[in-house]
Amino acid sequence: MWRTIVFILSVAAAMPAAAQGCPELTGAHTVESERYVLSYRAKPEKIAVSQHFTVEIVVCPKGGHPAPEGVRVDGFMPEHNHGMNYKAVVKPAGGGRYEASGLMFHMPGKWDFIFEVRGGGKTDRMTATVMLQ
């Protein structure tokens, strides 16, 4: 019996933080900071040049860290040193879920999603790169 309990605890400890009680976001990409695991997916899935899109986001605190108080998302083109022409509006959807609307990548190339998660008086910043053709 103890072997079974030890095995179960070992498997749970080895699971990524996103798998431990965090809502699943099917088909999502994941980025992590020291305190949070953030999963996101664009709607529509294939982002088109100069077309508005939405990003669904799930944020989960890692063990012992505070729940997120707010989330921001922006887009930045590092090779051109500029961001989007629009500001995303992020609304909480409950249970660690958020929806960001009003995003638009206005030209093809390398874009970075910049996610900022505020919690416990600090802000964690995570970046994910997207190539837009």
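For the single chain, residues carry numbers from 1 onward in sequence order.
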**Q** Listing request: all salt bridge (Lys or Arg N to Asp or Glu O under 4.0 Å) pairs with a residue in residues 100-118, at least two apart in sequence or in separate chains.
**A** R72-E116, E116-R125
**Q** Considering non-hydrogen atoms only, spot the tightest contact between A42 and F53 and give its length.
**A** CB-CD1, 4.3 Å
**Q** Report the relative orientation of the aromatic rings in W111 and H106; use parallel for angles under 30°, tilted for 30 to 60°, perpendicular for over 60°.
**A** perpendicular
**Q** Would a single hydrophobic cluster contain both M84 and V49, if residues Ile, Leu, Val, Met, Phe, Trp and Tyr are joined by side-chain heavy-atom contacts under 4.5 Å?
**A** yes
**Q** Among pairs that include at least one residue of residues 84-105, which meet salt bridge (Lys or Arg N to Asp or Glu O under 4.0 Å), considering only residues two or more places apart or in two chains?
**A** none
**Q** Under the side chain to side chain contact (heavy atoms under 4.5 Å, CB included) rule, what do K62 and R35 come out as? Steps first, then yes or no, please.
**A** CA-CA 5 Å; K62 292 181 179 179; R35 302 184 313 146; 5.8 Å; no
**Q** State, with a plain yes or no, whether a side-chain heavy atom of S39 is found less than 4.5 Å away from one of C22.
**A** no
**Q** For A100 versus I57, what's the shortest heavy-atom pair and its separation?
**A** CB-CD1, 4.3 Å
**Q** Pairs in or reaching into residues 43-61: which pass side-chain hydrogen bond (donor to acceptor under 3.5 Å, both in side chains), with residues at least two apart or in two chains?
**A** R41-E56
**Q** Does Y98 share a hydrophobic cluster with Y40, counting links as ILVMFWY side-chain heavy atoms below 4.5 Å and allowing steps through other members?
**A** yes
**Q** Could you tell me if the side chain of P66 sits less than 4.5 Å from the side chain of P61, heavy atoms only?
**A** no
**Q** Taking K122 for the side chain and V117 for the main chain, is one N or O donor matched with an acceptor at less than 3.5 Å?
**A** no
**Q** Please determine whether the number of non-hydrogen atoms from other residues, nucleotides or ligands lying under 6.0 Å from atom CD of E34 exceeds 12.
**A** no
**Q** What do the steps show when you test F76 against F113 for ring-ring contact (aromatic ring centres under 6.0 Å, His included), and what is the final call?
**A** CA-CA 7 Å; F76 184 75; F113 277 120; over 10 Å; no
**Q** Do L103 and M126 land in one hydrophobic cluster if side-chain heavy atoms of ILVMFWY residues count as linked below 4.5 Å?
**A** yes
**Q** Are I114 and V130 connected into the same hydrophobic cluster when the rule is that any two of I, L, V, M, F, W, Y join if their side-chain heavy atoms are below 4.5 Å apart?
**A** no
